[in-house]
Amino acid sequence: PDTSGKCVRQDSDSSLKTLLDDRKFRSRTWGRIYKASTWKGISFPSGTTYEDVSTVYKTYLKAKVIVLLDEPLYFYNQRDNSIVHSDSYKSFFNLLDARILRKKELGKLKPKFLPELKVSVIAAIIDIYREAALSNQRLDFGEDEKLQLILSKNYGKLEKKLLSPRYRAELNLLKLSKGMFY
């Protein structure tokens, strides 16, 4: 991985912004060391995948200072047959649900992050379409309709500007022609 070994100290809001950018320091519990008190009153939702997405940000809200180290010190083994590595796009609906929940909860507490929260919802929608295409599966009409409705509620000029070039290109292709996208 591309690492600098640089140590960055951030306050809660700056760290939340970094977390929501979701490029380097993703919403994964396993890549962090926490002060035990940070988890007081926080628990994971049960019976779902991507529970980190709807949980980790809560620890950032409680922390006074967060230190990010851009160096891999922990290696996470991923099994090909694990629950998050299914060959169906359907598991990505759990990611979408987690991001929608995070947007709802965090958006109330920190409305200034709503554009970034909306972008993360949009990215999850694109991930669903991409995974369906990569596994040669098509969304059924109800799934497609649901995603289009969520997309219309979250997509605007600011969100378009905040999307990464890759997601912006994929979204443009998706809007142009789902057939070409697939």
Side-chain angles (χ1 to χ4, degrees), residues 10 12-29 42-61 82-182:
Q10 295 183 326
S12 179
D13 279 4
S14 298
S15 295
L16 279 168
K17 176 94 168 86
T18 301
L19 181 71
L20 293 174
D21 285 344
D22 201 34
R23 292 193 177 90
K24 228 177 227 189
F25 298 100
R26 298 183 155 214
S27 293
R28 296 182 178 126
T29 310
I42 298 174
S43 61
F44 290 99
S46 61
T48 186
T49 54
Y50 299 101
E51 65 277 2
D52 299 27
V53 174
S54 58
T55 307
V56 167
Y57 78 89
K58 295 174 185 179
T59 64
Y60 281 46
L61 290 169
S82 72
I83 195 165
V84 293
H85 287 99
S86 83
D87 55 350
S88 172
Y89 66 89
K90 294 193 183 280
S91 69
F92 279 82
F93 276 96
N94 287 328
L95 173 62
L96 176 60
D97 291 342
R99 287 186 177 178
I100 289 171
L101 179 62
R102 181 176 68 182
K103 182 188 111 183
K104 180 182 174 188
E105 292 176 353
L106 185 55
K108 283 181 189 172
L109 297 171
K110 302 277 185 179
K112 68 181 177 181
F113 290 125
L114 270 171
E116 288 87 353
L117 291 162
K118 288 180 178 182
V119 165
S120 75
V121 168
I122 295 165
I125 291 170
I126 296 167
D127 289 342
I128 291 170
Y129 281 108
R130 184 187 321 110
E131 287 303 311
L134 290 171
S135 61
N136 292 319
Q137 300 172 347
R138 292 261 183 180
L139 279 67
D140 66 40
F141 179 76
E143 292 169 333
D144 185 50
E145 196 172 62
K146 175 185 174 181
L147 293 181
Q148 292 302 314
L149 178 64
I150 296 168
L151 185 60
S152 69
K153 289 180 179 180
N154 288 282
Y155 188 68
K157 287 181 182 179
L158 181 55
E159 290 76 24
K160 181 178 182 177
K161 195 184 298 186
L162 291 174
L163 272 173
S164 72
R166 173 188 175 175
Y167 278 104
R168 195 171 27 248
E170 287 179 298
L171 183 59
N172 287 335
L173 183 57
L174 193 57
K175 289 168 122 185
L176 181 66
S177 167
K178 286 187 185 134
M180 282 178 33
F181 183 88
Y182 280 96

message: Could you work out, with side-chain contact (heavy atoms from CB on, under 4.5 Å) as the rule, every residue matching Leu61, not counting sequence neighbours?
response: Leu16, Tyr57, Leu106, Leu109, Lys110
message: Can you give me the closest heavy-atom contact between Pro115 and Leu162, atom names plus distance?
response: CB-CD1, 3.5 Å
- request: Name all residues meeting the ring pair (Phe, Tyr, Trp, His ring centres under 6.0 Å) criterion together with Phe44; count only those two or more places apart in sequence or in a different chain, and write none if there are none.
  value: Trp39
- request: Please identify each residue that fulfils salt bridge (Lys or Arg N to Asp or Glu O under 4.0 Å) with Asp127, with sequence neighbours left out.
  value: Arg130
query: Does the side chain of Leu176 reach to within under 4.5 Å of the side chain of Asn172, using non-hydrogen atoms?
result: no
Those residues that, when tested against Thr55, pass side-chain hydrogen bond (donor to acceptor under 3.5 Å, both in side chains) (two or more places apart): none
message: Can you confirm whether Leu158 sits close enough to Lys118 that some side-chain heavy atom of one is under 4.5 Å from a side-chain heavy atom of the other?
response: no
field: Partner residues of Lys157 under the side-chain hydrogen bond (donor to acceptor under 3.5 Å, both in side chains) criterion, sequence neighbours left out
entry: none
- prompt: Do Asp13 and Lys17 sit within salt-bridge range, that is, some charged N less than 4.0 Å from a carboxylate O?
  reply: no
query: In Å, rounded to the nearest 0.5 Å, how long is the span from CD1 of Ile122 to CD of Glu170?
result: 13.0 Å
query: Going from CD1 on Ile150 to CD1 on Ile100, what distance comes out if it is rounded to the nearest 0.5 angstrom?
result: 4.0 Å
query: Could you state the interatomic distance from OG (Ser14) to CG (Leu19), rounded to the nearest 0.5 Å?
result: 12.5 Å
statement: Looking only at heavy atoms, the pair that brings Tyr60 and Ser12 closest together is O-OG, 2.6 Å
- request: Could you tell me which non-hydrogen atom of Pro111 sits nearest to which non-hydrogen atom of Lys108, and how far apart they are?
  value: CD-O, 3.9 Å
task: Answer yes or no: is there a side-chain heavy-atom contact under 4.5 Å between Gln148 and Leu151?
output: yes
task: Taking all heavy atoms of Ala123 and all of Tyr167, pick out the closest pair and write down the distance.
output: O-CE2, 3.5 Å
task: Could you pull out all residues at least two apart from Ile128 that satisfy side-chain contact (heavy atoms from CB on, under 4.5 Å)?
output: Tyr89, Phe92, Phe93, Leu96, Leu139, Leu147
- request: For Thr48, enumerate each residue passing the side-chain contact (heavy atoms from CB on, under 4.5 Å) test, keeping only those at least two apart in sequence or located in another chain.
  value: Pro45, Glu51, Asn94
task: Output every pair passing salt bridge (Lys or Arg N to Asp or Glu O under 4.0 Å) with a member in residues 135-153, not counting sequence neighbours, ordered by first then second residue.
output: Lys90-Glu143, Asp144-Lys178
- prompt: Residues in side-chain contact (heavy atoms from CB on, under 4.5 Å) with Lys160, at least two apart?
  reply: Tyr155, Arg168
task: Could you grab the distance from atom CD of Gln137 to atom OG of Ser135, nearest 0.5 Å is fine?
output: 3.5 Å
- line: Heavy-atom nearest pair, Ala124 first then Arg99, reads N-NH1, 3.5 Å
Asn154: partners by side-chain hydrogen bond (donor to acceptor under 3.5 Å, both in side chains), with sequence neighbours left out: Lys103
query: What residues, two or more places apart in sequence or in another chain, satisfy salt bridge (Lys or Arg N to Asp or Glu O under 4.0 Å) together with Lys161?
result: none
query: In Å, rounded to the nearest 0.5 Å, how long is the span from NZ of Lys58 to OG of Ser43?
result: 7.0 Å
